[in-house]
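Start at 1 with the first residue, then count along the sequence.
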Amino acid sequence: MEKTNPGNDKTSKPPKTPPPVKSAAQPQPVKVPPMYRRIDWLAMLITFVTVWAVYLCTLAPNVTLEDSGELCTGSFYAGIPHPPGYPFWAIWSWVWTVIVPFGSVAWRVEVGQSFASAMGCGLLALMVSRGGSMLVEGIEELKSVTKQWENAICIVSGVVAGMLLGFGYFMWKESVVINRISIFGVPWLLAMIAMLMRWMYAPHQRWYLYIAMLFFGWIATIHQSLILGSLGVEILIALVLPRLGRDLFAVNSIIYFIILAYISKGSVPALNAMTFTEKTIFNVVGVFSIVGTGWLFMKTNKIFTEWKSVLIMGGMWVLGVLVYLYEPVSCMTCPPMQWGYPRTVEGFFHALSRGQYGTGEGTNVLQDPSRLLFQLYYLADGLSESFSWVYMFIGLLPFLFLKKMHSRERNWIIGLTSIYLLLSVQLVIVMNVSADRSSSELTKVFFTASQGVFAIMIGYGLAILAAYIATHYQKFRRVGLIGGGVALVLAVYCMIEAIARLYFGKAGQMQISWLPFSNWSGWDFLAIGPKGQFGLSDIPHWIGQAFAPGQFGTPIFANLLLIAMPVVFIGALLVYRTRGPLLILLGLFCIAPIWSGMSHFYRTE
C-alpha cells in the first residue's frame, strides 16, 4: 500500500496562524466642555469694568487716617507693615507703585487695591452667572425655562450680585483707601472659590483644586482670620469627592493627636497659651475630623487612596504660605518700614504670631449665651448694611429648593454655607465682639469676606426666583404677593433705619412706646425702640427734609427706591394674571446696584 505524504498533498491547507492579540485599548481622557460660557465672561467683564470705574472716581487722593501712613510707607519701600507683616499685600502694593508712574504713593496703592476688589466682584458675577444656570438646569421644576430667558436671568443675576458686593458699605469704603488690609483678602477668597467651583464641575481635573490651595495659602498671608474657613473648604471637597475628603479628615485627625501629645507634655509655649475658646474650636475640629474619617471610611471601605492628591494640596498650600519668608528677606534690605525686625528668628515668629497684640479670650457660648445672640444679630446687621434686609431675604431662597437640587448643586450650596458660617459665626465668637459701639464698628470690616460668600447666595436666589416665575407663575403668584408684602415691610424698616442714622446718628431710633421690655438693652441696636427720637407720623417730615436745599439726602432717596421696588413688583403681579412679568422683574433686579451705590456713596468720602 502506497503511503501518502501530507506535505505533497496539494489539497491540504496550511494551518492558519492565529490573529495577533490586540492590546487593550487605552482609556481616552474625558473631554470636558468649557464650564464658563461667553455670557458668564460677559457678566464678569461688565461687573469688573463698572465697579472699578466707580472705585477710580472715588479714590482718596492721598493718605487718610488709621494705618494709612504706615501701610503706604511699607508699600513704597516693599517693607513690612505691622504684624503679621502682610507680605503678599506688601509685594502686590509695591508693584502698583512701580507700574503706575504718577499720583501720590497712597493713590497708586489704592489703584492696585481697587483693581483687586473689582476683580473679586467680577469673579463673583462669573460664579453666579454660571452657577445660576446650573441650579436652573439641576432643579426639575425650572428646566422648562427657555434658553433665551435663562441666559438673561443668569447674566442679570451675576451682574447684580457682583455690584451689590462692590457697592456694599465695607467693600466700597475700604477699597478706595489704604486703611484695612482685610478687604484685600476678599477677592483672593473669591478666586479660590471660583477654582473650587471649576474643579467641582470636573473633579478629575485636579489642577483647579491645587491652584485653589495655592490661593488659600496666599489668603493665609493676607489676613489670618480667613484660615478659619479651612474646615468649610474641606467639607466642600468631601461633598464633591468623598474619598478625597476622607483622606483630608484623616490627616486632620493625625495632626490633632500629635498636637494633643505636645499639649500633654507642655513643651510648646504657644500651645500652652491657648485660650478656652481656641481649645474648644481645636477639639471640635479634631473630633469632627475623626468622625468624618470614620463615616467616610465606612462609605468607601478604603483609606489613603488619595494620598498623592493630599500631598500635592498640602504642598501647594505651603507654597502659598512661604510668601511669609519674604519678610526676613525684605528686612535685610533695611527698608524704613520693618515692623518687628523679622530678619531674626525671634522677630520673625513674633510678627508671624502677632505677638504684640496678645490673645484675647473668645466668647464662652455656654456661660454667656446672651452675648452669642447679640453677635448673631451683629452679623445680620452687617449684612443689612451692605445688602439691605430685602436682599438678605432673597439670599435665603436657595435653601427652599435644596432638596429639589441635583447632588452636585446641593453639595455646592452646602459647601458654600459651611464656608460662610465658619468665616462669620466662628469668627465673631473668636473675636468676642461686644455691644460696645466703638469696638464693634472697628471689627465689622473683618466680616466682609463672609459677606462676599453671602452675595453669591443672593445671586443664586435672584436666578431661582426669576426662573420660578417664568415656569410656575400661576403657582407662584399668591406666594409672590405675600413675599412682596414681606419685602415691602423690610424696605420700610430700611427707610426707618436710614432716617435714624442720617439725622440722629448711630443711636437714632423711631419711638414705639407700647413695645414690651422697655429696659431691654437689645433695643439700642434696632431702628425702633421705646425711647426713640421720632415717631411713625414724623417719617413723612424727615423724608421731605431730604429734599430741602443744602440737605444731604441720598440715603433717603435710595430707600425710597428700595420701597418702590416691592411696590412695583406687587403691582406687576396684580396686573399680570396669566403671564409672569419677567422683564419687569429683571429690570427691578438691575435697580438694586443703584440703590446700593446711593446708600453707601457718602460713606466713601
* To do: Apply ring-ring contact (aromatic ring centres under 6.0 Å, His included) to Y468 and F401, showing your working.
  => CA-CA 11 Å; Y468 196 81; F401 292 82; 5.7 Å; yes
* To do: First locate atom CG of L421, then atom CG of L416, and finally report the distance between them rounded to the nearest 0.5 Å.
  => 11.0 Å
* **Identified side-chain contact (heavy atoms from CB on, under 4.5 Å) counterpart of L248 within the set I237, T293, L296** => I237
* **Check: W92 ring centroid to F184 ring centroid under 6.0 Å** => yes
* **Under 3.5 Å: donor-acceptor pair, side chain of T221, backbone of P87** => no
* Rounded to the nearest 0.5 Å, how far does CD1 of I414 lie from CZ of F399? -> 9.0 Å
* Taking atom OH of Y493 and atom CG of L526, what is their separation to the nearest 0.5 Å? -> 4.5 Å
* Does a donor on one side chain and an acceptor on the other come within less than 3.5 Å for S93 and Y86? -> no
* Count the heavy atoms belonging to other residues, nucleotides or ligands that lie under 6.0 Å from NZ of K302, then report whether that count exceeds 12. => no
* Any donor-acceptor pair under 3.5 Å linking the side chain of D40 with the backbone of R37? -> yes
* Any chance you could measure L228, atom CG, to H223, atom NE2, to the nearest 0.5 Å? => 10.5 Å
* Asked: What residue pairs, at least two apart or across chains, pass salt bridge (Lys or Arg N to Asp or Glu O under 4.0 Å) with a residue in residues 122-138?
  -> E137-K147
* **Side-chain donor-acceptor pair present, S309, R206, cut-off under 3.5 Å** => yes
* Mind checking whether F476 and H472 have ring centres under 6.0 Å apart? -> no
* Asked: Ion pair present between E385 and K173, side-chain N to carboxylate O less than 4.0 angstrom?
  -> no
* Heavy-atom count around W389 CH2 within 6.0 Å, excluding the residue itself: above 12? -> yes
* Asked: Under 3.5 Å, is there a donor-acceptor pair between the S175 and S117 side chains?
  -> yes
* Asked: At what distance, to the nearest 0.5 angstrom, does CZ of F88 lie from CD1 of I222?
  -> 5.5 Å
* **Crowding at CZ, F304 (>12 non-hydrogen neighbours, <6.0 Å)** => yes
* State yes or no: are the ring centers of Y378 and F447 separated by less than 6.0 Å? => yes
* Could you tell me whether F288 and F249 have their ring centroids closer than 6.0 angstrom? => yes
